[in-house]
Amino acid sequence: MAVDTFGIDKEFLSDLLREVGDGRTQLPEFQRGWVWPDRNISSLLASISLGYPVGTLMMLKTGGDVRFKQRAVEGATPAAGVEPERLILDGQQRMTSLFQALKLGLPLKTQDVRKRPVSGWFYIDMRQALDPSGDREEAIRFLPADRIVRNFRGEVIKDYSTPDREYEAHLFPLAKVFDHEDWMMGFQEHWGYAQDKMKLWNAFQSTIIKRFDTYQFPIIELDKGVPRQAVCQVFEKVNTGGVTLTVFELLTATYAADEFDLREHWKECRKEWSGPEYRILREVSNTDFLQAITLLATDARRDAGRKNGVEEDRLPRIGCKRADMLGLTLPEYERFAPMIVNGLKAAARFLHRQYIFDTRFLPYGTQLIPLAAIFAVLGTDAENAGAQQKLARWYWCGVFGELYGGTTETRFSRDLPDVAAWIRGSGTEPRTVVEAQFVPGRLLTLRTRNSAAYKGIYALLMKAGAQDWRTGEASTITNYFDDAIDIHHIFPKAWCETQKIDSKIYNAIVNKTPLTARTNRVIGGRAPSEYLSRLANSAGVDDTTIDAHVTSHLAEPRLMREDDFDAFFQDRKRALLGEIADAMGKVIEDIEDVKSDAADTFEVDDDTDDL
């Protein structure tokens, strides 16, 4: 933002509060509510009474192309139809506190340090305020709305409910600091114009009241021509509230200027996937939704530029970073939001075909963003078998390449055009597919369900037809939810510990598989050679049937019946690598006999224990 887009000046506090009261200065709708407790306000008033700086205010001139829905400062009641001349970007808490304490003329409603609601008036002890050795903040008093102080039993301790009692206690109501003549005359009359009281008042007026009268705030005022993205970025940088506003909140305020309620529209969109069949989408956030829409909007801008003959290196870029989302216009949102709703629903159906049904086992929630955008762009082109195969390959390359765990917006912007062109036959393999690599040794470090690759292997096993060892049922959606399937050890933890097997090895995903809770109870902590027979007896079937169920998990029952952990581990590792290689469409070279000291130690042991 250029220097000539803002100015710096000083303005009197009294003038600022007058503008707040009549509505010439208001707040943009995206500003959160006023939250300062009474102690913060006391400190602010004390600082002003001492003439200390309390920070700079930042304002935005209205009347430009950038429009935000606005609202009056809390407590202000401007006349109907008044349009603000400026909006407060930084300083809301201070200006609201000062307006309510000094100008409102009503009890100030706030909260105490325990966040309990309180209502009252601010006073200043005249004598304590003039004491050179006194603490100015302690001289500020917050009295109840009726100006009567009571103890915890409700008994009256002090009563300041009349002007005479204020005069007697030398407590000056700060609500009268800009209009103090009547109170001054009452104070002098009450004390019979005694010389010492006259002297006290004169000192208080020249030392305290004058500070409020002459206090000036430094003001940074942004010109009305500043673009919206700059306004929002400046607000984020300078706002002292300490809570970062989301893009959704900022766009809600922007669209509200055109009478569009983004928050209500988002609620309606979410209803589209509220059914149990779309359970995988339950954690999609409003920011995720906006990112996917922004991908479509920026892709459309780029396509329009290309059709208009814009040179390739000058085309608008595809993106969904914060600045891109803040640049999303309302017409673009209204155009692309329905497409992303359909894209998300199509993504849920696709994930079901990959045997991912629940957010608990979704490898990357972030990958839903480009996936929904890709389905939205492709439409019916994504429905044929070839398109589904390519989408699955791209998806699993992202999962097992572990490419969506960090900063992902740049990858999203590549995925959309790359995958769409690849599926339509006009492009080569997407960069995500080309870049994805899976190192065989990674199987040793996958020990907790926090890892995307760990969840991916779980899904691949179910997709490959893994049957429950006791019942022989496939992991369909029905038993997935009804029978509490989870990942459990194949060679039980208790058995492995008695055999002195390294926990880094027995807790690896190679030694785990999805089983129902009931099957896992039959297994217990027993050796495979023992529990396989127990499973056959429990299920009322022969060993051959149980072996077939075990084999469906890419586990070799013969090695399990021999309790040969090492041979079993290497055999299953190779089998899992084969499934991963098939999913990614890549050749993965196995490394034989990977030792436990090659395993990383950055993951903690799994929290899913055998009974």
Side-chain angles (χ1 to χ4, degrees), residues 361 400 438-462 464 466 468-470 484-535 546-547 549-580 590-611:
F361 293 107
F400 291 113
F438 187 83
V439 179
R442 183 72 175 108
L443 288 175
L444 285 177
T445 65
L446 294 174
R447 293 187 288 274
T448 73
R449 65 165 54 96
N450 294 328
S451 166
Y454 183 102
K455 296 175 183 178
I457 291 172
Y458 183 6
L460 286 186
L461 286 169
M462 292 195 292
D468 183 67
W469 291 356
R470 184 179 56 84
I485 290 180
D486 206 341
I487 291 185
H488 298 284
H489 291 83
I490 297 174
F491 279 73
K493 176 180 178 180
W495 182 88
C496 289
E497 289 179 345
T498 62
Q499 302 299 311
K500 308 300 182 183
I501 298 172
D502 192 332
S503 63
K504 297 186 186 72
I505 299 298
Y506 72 67
N507 273 325
I509 188 66
V510 178
N511 187 40
K512 293 178 181 177
T513 206
L515 300 169
T516 63
R518 185 170 179 182
T519 297
N520 191 53
R521 284 194 292 272
V522 175
I523 292 173
R526 302 173 182 87
S529 59
E530 180 182 351
Y531 74 63
L532 288 175
S533 297
R534 290 174 61 91
L535 283 171
I546 292 295
D547 286 355
H549 297 167
V550 170
T551 301
S552 71
H553 289 242
L554 308 181
E556 174 50 61
R558 177 182 60 80
L559 298 175
M560 292 170 63
R561 291 185 183 280
E562 295 172 0
D563 294 333
D564 190 341
F565 179 87
D566 291 338
F568 161 83
F569 194 91
Q570 292 300 328
D571 182 79
R572 193 162 192 258
K573 180 167 68 71
R574 284 190 291 271
L576 291 177
L577 286 175
E579 288 296 313
I580 295 170
D590 191 10
I591 301 175
E592 295 288 347
D593 300 322
V594 178
K595 302 300 182 182
S596 62
D597 58 4
D600 295 335
T601 58
F602 59 86
E603 294 191 74
V604 297
D605 287 348
D606 187 22
D607 55 0
T608 306
D609 295 330
D610 299 293
L611 299 177

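Computed from a prediction, not measured in an experiment: that's the story for all the values here.
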message = Please find the pair of heavy atoms, one from I490 and one from Y531, that lie closest to each other, and give the distance.
response = O-OH, 2.6 Å
inquiry  = If you compare all heavy atoms of P514 against all heavy atoms of M462, which two are closest, and at what distance to 0.1 Å?
reply    = CG-CG, 4.2 Å
For A464, all residues meeting side-chain contact (heavy atoms from CB on, under 4.5 Å), sequence neighbours excluded = E579
Partner residues of A575 under the side-chain contact (heavy atoms from CB on, under 4.5 Å) criterion, sequence neighbours left out = L554
remark   = ring-ring contact (aromatic ring centres under 6.0 Å, His included) with F491: of Y506, F568, F569, only one passes, and it is F568
Verify, without hydrogens or angle tests, whether [X] (side chain) and [Y] (backbone) share a donor-acceptor contact under 3.5 angstrom.
X    : Y    : answer
K504 : T445 : no
R470 : L515 : no
D547 : P557 : no

Verdict with reasoning, H553 to W469, per ring pair (Phe, Tyr, Trp, His ring centres under 6.0 Å) = CA-CA 9 Å; H553 289 242; W469 291 356; 5.4 Å; yes
Set of ring-ring contact (aromatic ring centres under 6.0 Å, His included) partners for H549, sequence neighbours left out = none
message = For N520 and H489: C-alpha separation, side-chain torsions, deciding distance, then whether side chain to side chain donor-acceptor pair (under 3.5 Å) applies.
response = CA-CA 9 Å; N520 191 53; H489 291 83; over 6 Å; no
inquiry  = In the structure I gave you, are the side-chain heavy atoms of V510 and L444 within less than 4.5 Å of one another anywhere?
reply    = no
inquiry  = Contact between I546 and V550 at the side-chain level, heavy atoms closer than 4.5 Å - yes or no?
reply    = yes
inquiry  = Check D468 with R518, please: is the shortest side-chain N to carboxylate O separation under 4.0 Å?
reply    = no
